[in-house]
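What follows is one structure encoded as structure tokens, with my remarks underneath.
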Amino acid sequence: RAWVSMKEYEDIKLEFFENIAKVTINRPRVYNAFRPKTVTEMIDAFDICRERADVGVIILTGEGDKAFCSGGDQNVKGHGGYIDESGVPRLNVLDLHKRIRTMPKPVVAMVNGYAIGGGHVLHVVCDLTVASDNAIFGQSGPKVGSFDAGFGSSYLARHVGQKKAREIWFLCKQYSAQEAEDMGLVNKVVPLAQLEDETVEWCKIMLQRSPMALRMIKRGLNAELDGQTGIMELAGDATLMFYLMEEAQEGRKAFLEKRDPDFKQFPKFP
Ligand code: 2NE
């Protein structure tokens with residue numbers, strides 16, 4: 001598959017192939033742990049994917065065959081967060097969670113090994129997860145002095161149920177890909193050698209579906225869980241669709257033509 005680079009980064013790769021963008025965490029030496037710079041680059045990459053009209057689906061993965069992501073880089077963890085190059089402690093991965101959550105296109109986690117700690121949360125936040133049979137899943141926060149009480153716990157519980165989510169967090173055990181599939185944590189498990197083929201196949205199917213329909217489904221599924229922010233996102237897309245209607249255009253035209261709008265011409269559907 002001829003992936004073409006969309007932009008060069010230090011810690012990640014952003015590539016494109018037939019309307020699919022692939023974001024790869026590229027720090028295999030530390031099992032693709034993220035430092036603030038990694039996350040800043042991922043945020044930039046996801047913003048590009050959102051803006052680019054030719055991107056219909058986004059894959060998030062890790063470099064190599066050992067890890068998807070092992071969470072925050074423990075080498076740079078300090079007081080108040082993960083210390084960036086200028087000495088500022090950051091938890092900017094939460095901003096990345098929000099980007100994935102509100103991305104108006106499907107985001108697929110392609111889990112190719114360990115998805116641990118904050119790396120596990122990344123796949124939890126993605127819309128779909130396709131995993132290789134060597135993938136291992138788990139939270140480790142309470143073992144290493146951390147936790148994610150946001151999407152990493154409440155949304156996890158939506159996938160696997162409250163009891164299982166508490167088990168995952170309280171015990172910090174690791175789960176095989178098969179166990180993860182059995183508990184509803186991943187959508188599909190395939191042999192490592194087939195991981196990208198299967199993930200791209202899923203992406204290609206979604207690319208044949210109506211982008212607006214997928215977008216509204218994602219907004220609706222989020223809205224139930226995301227309170228006023230979720231309703232705001234759903235409402236934003238309702239406004240987008242209204243702006244595409246003649247009825248909305250009539251209001252704008254009438255204003256510019258300095259006349260009363262004629263809304264009577266539009267049907268009132270039951
Ligand atoms: C992932 C895991 C279970 C793999 O174990 P194993 O035995 O297969 O490999 P090993 O030797 O532990 O790791 C390979 C290399 O990667 C580094 C290791 O230090 C090692 O390097 P060398 O000793 O060979 O030089 N590495 C792995 N994970 C790293 C990390 N997160 N930071 C820096 N270096 C890392 C095993 O490696 C493991 O348990 N990793 C730690 C997982 C973890 O606890 N992550 C942080 C959780 S907290 C978090 O991510 C977080 C949050 O809770 C809230 C907000 C934001 C972030």
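Keep in mind that this is a model prediction, so the values were computed, not measured. Both counts, for ligands and for their atoms, begin at 1 and track the order of listing.
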Distance below 4.0 Å between [atom] and any protein heavy atom?
atom: atom 20 (C) of ligand 1; result: no
atom: atom 36 (C) of ligand 1; result: no
atom: atom 31 (N) of ligand 1; result: yes
atom: atom 45 (N) of ligand 1; result: yes
atom: atom 12 (O) of ligand 1; result: no
atom: atom 23 (O) of ligand 1; result: no
atom: atom 15 (C) of ligand 1; result: yes

Looking only at protein heavy atoms, identify the closest one to [atom] and say how far it is in Å.
atom: atom 1 (C) of ligand 1; answer: Tyr114 CG, 3.8 Å
atom: atom 9 (O) of ligand 1; answer: Tyr31 CE2, 3.6 Å
atom: atom 43 (C) of ligand 1; answer: Ser140 OG, 3.2 Å
atom: atom 55 (C) of ligand 1; answer: Leu91 CD2, 3.5 Å
atom: atom 57 (C) of ligand 1; answer: Tyr82 OH, 3.5 Å
atom: atom 53 (O) of ligand 1; answer: Ser146 OG, 2.6 Å
atom: atom 39 (O) of ligand 1; answer: Ile116 CG2, 4.6 Å
atom: atom 26 (N) of ligand 1; answer: Val30 O, 3.6 Å

Can a donor-acceptor pair be found, under 3.5 Å and without considering hydrogens, that links the side chain of [X] to the backbone of [Y]?
X: Glu250; Y: Pro261; result: no
X: Glu198; Y: Leu195; result: no
X: Trp169; Y: Gly152; result: yes
X: Arg27; Y: Ala33; result: yes

Parallel, tilted or perpendicular: which describes the rings of Phe151 and Tyr155, with under 30° parallel and over 60° perpendicular? perpendicular
Output the list of atoms in ligand 1 that are nearer than 4.0 Å to some heavy atom of [X], sorted by atom number.
X: Gly71; result: 50 (O)
X: Ala33; result: 30 (C), 31 (N), 32 (N)
X: Val144; result: 44 (O), 47 (C)

Please check whether [X] reaches ligand 1 - meaning an N/O of the residue sits under 3.5 Å from an N/O of the ligand, judged on distance alone.
X: Trp169; result: no
X: Ser70; result: yes
X: Gln74; result: yes
X: Val93; result: no

Do Arg52's NZ or CZ and the ring of Phe16 fall within the cation-pi criteria of under 6.0 Å and 45°? yes
Find out if a path of hydrophobic residues (ILVMFWY) with successive side-chain heavy-atom gaps under 4.5 Å connects Val93 to Ile83. no
Let me confirm one number: the CD1-CD distance from Ile168 to Gln174, rounded to the nearest 0.5 Å.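 The CD1 atom of Ile168 sits 12.0 Å away from the CD atom of Gln174.
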Hey, does Arg29 sit under 4.0 Å from ligand 1 if you only count heavy atoms?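 Flag set, Arg29 near ligand 1.
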Touching ligand 1 at all, Gln174? Heavy atoms, strictly under 4.0 Å?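 The answer is yes, since Gln174 has a heavy atom less than 4.0 Å from ligand 1.
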Indicate yes or no: does Glu233 engage Arg101 in a salt bridge with an N to O separation below 4.0 Å. no
Report yes if some heavy atom in the side chain of Lys66 is under 4.5 Å from a heavy atom in the side chain of Asn112; otherwise report no. no
Quick one: does Glu63's side chain get under 4.5 Å of Tyr31's, heavy atoms only?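 Glu63 vs Tyr31: side chains apart.
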Check the pair Val200, Ile20 against side-chain contact (heavy atoms from CB on, under 4.5 Å), reporting the backbone distance first and the verdict last. CA-CA 8 Å; Val200 166; Ile20 304 168; 3.9 Å; yes
Candidate pair Asn75 and Val30, rule side-chain contact (heavy atoms from CB on, under 4.5 Å), full reasoning: CA-CA 10 Å; Asn75 298 303; Val30 285; 4.1 Å; yes
Could you walk me through whether Glu224 and Arg158 pass the salt bridge (Lys or Arg N to Asp or Glu O under 4.0 Å) check? CA-CA 11 Å; Glu224 186 217 344; Arg158 292 286 177 155; 3.5 Å; yes
